[in-house]
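To keep things clear, I will list the structure first and then write my remarks on it.
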Amino acid sequence: QVLLVESGGGLVQAGGSLRLSCAAAGGTFSTYAMAWFRQAPGKEREFVARISRRGLRTFHADSVKGRFTISRDNARNTVYLQMNRLKPEDTAVYYCAADLEYRTDDGYDYWGQGTQVTVSS
């Protein structure tokens, strides 16, 4: 069982930056691929970015490519999402997820409770 706890969300003006963190407890963090998803009000959950177990592979959704960067620190059992040049359409609850497989779908085994990001125009 892996417990994931996100932090770092908040209110920011358009063009600003935030860094989200997701701390993992339980299991061996370095054996899990990690991902970030988001869900805006009234919309379906959307993939944002994923990273492989050792961080050698990353993939970002087109909507955030060049603005967001996923990274991880296995010594700290933490995955990050650096978000720059934020836009109002980035407003959503952001979730981190973990799975033993480097998944390309949203079928991750473990999910955090989410952290709210609000971008004002």
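These values consider heavy atoms only, across backbone and side chains, with no hydrogens, waters or symmetry-generated copies.
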Between [X] and [Y], is there a donor-acceptor pair closer than 3.5 Å when you use the side chain of the first and the backbone of the second?
{"X": "Gln13", "Y": "Ser120", "answer": "no"}
{"X": "His60", "Y": "Ile70", "answer": "yes"}
{"X": "Arg53", "Y": "Ala33", "answer": "no"}
{"X": "Thr118", "Y": "Thr91", "answer": "no"}
{"X": "Tyr108", "Y": "Arg103", "answer": "yes"}

pair Phe68-Leu86: side-chain heavy atoms closer than 4.5 Å: yes
Validation row: Thr31, Leu100 side chains within 4.5 angstrom (heavy atoms):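 When only atoms from C-beta onward are counted, Leu100 and Thr31 do touch, with a gap below 4.5 Å.
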Audit row: Asp90, Arg67, side chain to side chain contact (heavy atoms under 4.5 Å, CB included) steps and yes/no: CA-CA 11 Å; Asp90 295 318; Arg67 300 187 299 122; 2.7 Å; yes
Closest approach of [X] and [Y], non-hydrogen atoms and distance?
{"X": "Ala40", "Y": "Ala92", "value": "N-CB, 3.8 Å"}
{"X": "Tyr32", "Y": "Gly27", "value": "CE1-CA, 4.4 Å"}
{"X": "Trp111", "Y": "Asp106", "value": "CZ2-O, 3.3 Å"}
{"X": "Ala24", "Y": "Leu4", "value": "CB-CD2, 3.7 Å"}
{"X": "Arg72", "Y": "Ser30", "value": "NH2-CA, 4.1 Å"}
{"X": "Glu6", "Y": "Gly114", "value": "OE1-N, 2.9 Å"}

Say you draw a straight line from [atom1] of [X] to [atom2] of [Y]; how long is it, rounded to the nearest 0.5 Å?
{"X": "Gln116", "Y": "Tyr94", "atom1": "CD", "atom2": "OH", "answer": "9.5 Å"}
{"X": "Leu81", "Y": "Leu18", "atom1": "CG", "atom2": "CG", "answer": "9.5 Å"}
{"X": "Ser17", "Y": "Gln82", "atom1": "OG", "atom2": "CD", "answer": "6.0 Å"}
{"X": "Cys22", "Y": "Tyr110", "atom1": "SG", "atom2": "OH", "answer": "13.5 Å"}
{"X": "Thr28", "Y": "Asn77", "atom1": "OG1", "atom2": "CG", "answer": "8.5 Å"}
{"X": "Arg38", "Y": "Glu44", "atom1": "CZ", "atom2": "CD", "answer": "14.0 Å"}

Same apolar cluster (I L V M F W Y, side chains within < 4.5 Å links), Val48/Val119: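 Linked, Val48 and Val119 end up in one cluster.
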Connected via hydrophobic side-chain network under 4.5 Å: Tyr102 and Phe29: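 No, Tyr102 does not connect to Phe29 through the hydrophobic network.
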Trace of the side-chain hydrogen bond (donor to acceptor under 3.5 Å, both in side chains) decision for Thr78 with Asp73: CA-CA 5 Å; Thr78 302; Asp73 184 338; over 6 Å; no
Residue pair Trp36, Val79: steps toward the side chain to side chain contact (heavy atoms under 4.5 Å, CB included) verdict: CA-CA 9 Å; Trp36 287 95; Val79 63; 3.9 Å; yes
Centroid-centroid distance, Tyr95 to Phe37, less than 6.0 Å: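 Tyr95 vs Phe37: aromatic centres not under 6.0 Å.
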Residues forming a salt bridge (charged side-chain N to carboxylate O under 4.0 Å, His left out) with Arg19, sequence neighbours excluded: none
Derivation of the side chain to side chain contact (heavy atoms under 4.5 Å, CB included) call for Arg50 and Thr104: CA-CA 8 Å; Arg50 61 177 176 261; Thr104 59; 3.5 Å; yes
Derivation and outcome, side chain to side chain contact (heavy atoms under 4.5 Å, CB included), residues Leu20 and Tyr80: CA-CA 6 Å; Leu20 305 184; Tyr80 304 98; over 6 Å; no
Residues that Lys65 engages under side chain to side chain donor-acceptor pair (under 3.5 Å), provided they are two or more places apart: Asp62
